[in-house]
Amino acid sequence: MYLRPGFILRLMAGIYIHIPFCKQACYYCDFHFSTSLKNKDSILSAIETELVLRKNEIRDTIETIYFGGGTPSLLNTSEIERVINLIRKNFKVTEFPEITLEANPDDLSKNKLDELSRTPVNRLSIGVQSFFDEDLSYMNRAHNSRQAMASMEYASKWFDNISMDLIYGIPQLSEERWVKNLEYTFDFKVEHISSYALTVEPKTALDHFIRKGKYKAPSEALAEKHFKLLQELTGAKDFIQYEISNFGRKGYFSTHNTSYWKGAKYLGVGPSAHSFDGTQRSWNVANNARYMKSIEKGELPSEIEKLTVEDRINEMIMTGIRTIWGISIEDIVSNFGETYKNLLMQQAEKHLKTGSLYNRENHLILKPEKYFLADGIASDMFLIKV
Ligand code: SF4
């Protein structure tokens, strides 16, 4: 599928809200969350205070709101609506923003979905990960296969913009079962799939179990086989792989995530949330108690990193190479000048020669067959500060 490199031209500003609670810890997860829900109300109040404190940080119109985590579906619908109303009151928000809620299958009862469908949330991102109990208990997910199936069945009745998460590369996940997972997904009314390989992050339970010999380490070769099947089968069902790990039908790409990859400004609130104002990144402390304490004092619990030109270009390489739109050479020239464009082209030369990369309409685009090697190719192209 060919999409003009400028397919999404406008950069859309967004707000990300991190809900730092989960029912139980998935063994592979290194996101910030707490399994004790006792401070849920206070954290939510602190998030609301942070939104007000930072209301002048983004003056652009907000076009996307994203509840991520953690597990945002642990919030009840009045809490979700309260946050959305507060955003509307304090920021300039477009009339019909994309509002995504990440949800876990065990939270999506018929009743909850019915209630959610009456809120302004118009996109669900459901963390199914697998339809098989063997995989779900291997990962210590809080739901089982019956809940995975039921949540998808109910959700398709109430929502028409559903994204589903799937994990591949699990050591015990046979090719047959992986194909079955994809077939089940296609049977539901899913317009978008986010699918990532199981990775072993330092200090996670999975890392510990592998070190102790209790769990087998995931193999790159198996992940690559699963990834190829994923590309092939989603392609046959008219999903467009618009980013290495994201597959959407036409009209259903995630606007929020696409804006991240295209370098739009976003405000991230809540513990551990990251923000980008166009030139610098900041991130909140990944600790619920310290976050609340700081917000109570009216102080932002964040660190700021001013990005160098090289950092910004490297980020454009890292994110651009993973998308169907590639790295915009025009953007490099207009933001940083011809010298940097020439440096980038030198770095890219080797991969242009082998045909892994090609230049179309002034965009460096990675061939989908080479997506599995994207991280290595991107780091080959990184500019080093001289
Ligand atoms: S539900 Fe999501 S955020 Fe929570 S532990 Fe599992 S993977 Fe991590």
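Position 1 is the first residue of the sequence; numbering continues from there. Counting convention: from 1, in listed order, for ligands and their atoms alike.
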Student: Using the rule salt bridge (Lys or Arg N to Asp or Glu O under 4.0 Å), only one of K180, R177, R141 pairs with E134; which is it?
Tutor: R177
Student: Got a sec: does the CD of Q172 have more than 12 other heavy atoms crowding it under 6.0 Å?
Tutor: yes
Student: Below 2.8 Å, which protein N, O or S atoms neighbour atom 4 (Fe) of ligand 1, ignoring water?
Tutor: C22 SG
Student: Between R141, H32, M139, H143, flag the one that comes closest to atom 2 (Fe) of ligand 1 by a heavy atom.
Tutor: R141
Student: Please report the closest heavy-atom contact between Y28 and L206, naming both atoms and the distance.
Tutor: CB-CD2, 3.9 Å
Student: Can you tell me if N144 uses its side chain to pair, donor with acceptor, with the backbone of L136 under 3.5 Å?
Tutor: no
Student: Who pairs with E176 by side-chain contact (heavy atoms from CB on, under 4.5 Å), at least two apart in sequence or on another chain?
Tutor: S174
Student: Strictly under 6.0 Å, is that where the ring centroids of Y16 and Y266 end up?
Tutor: no
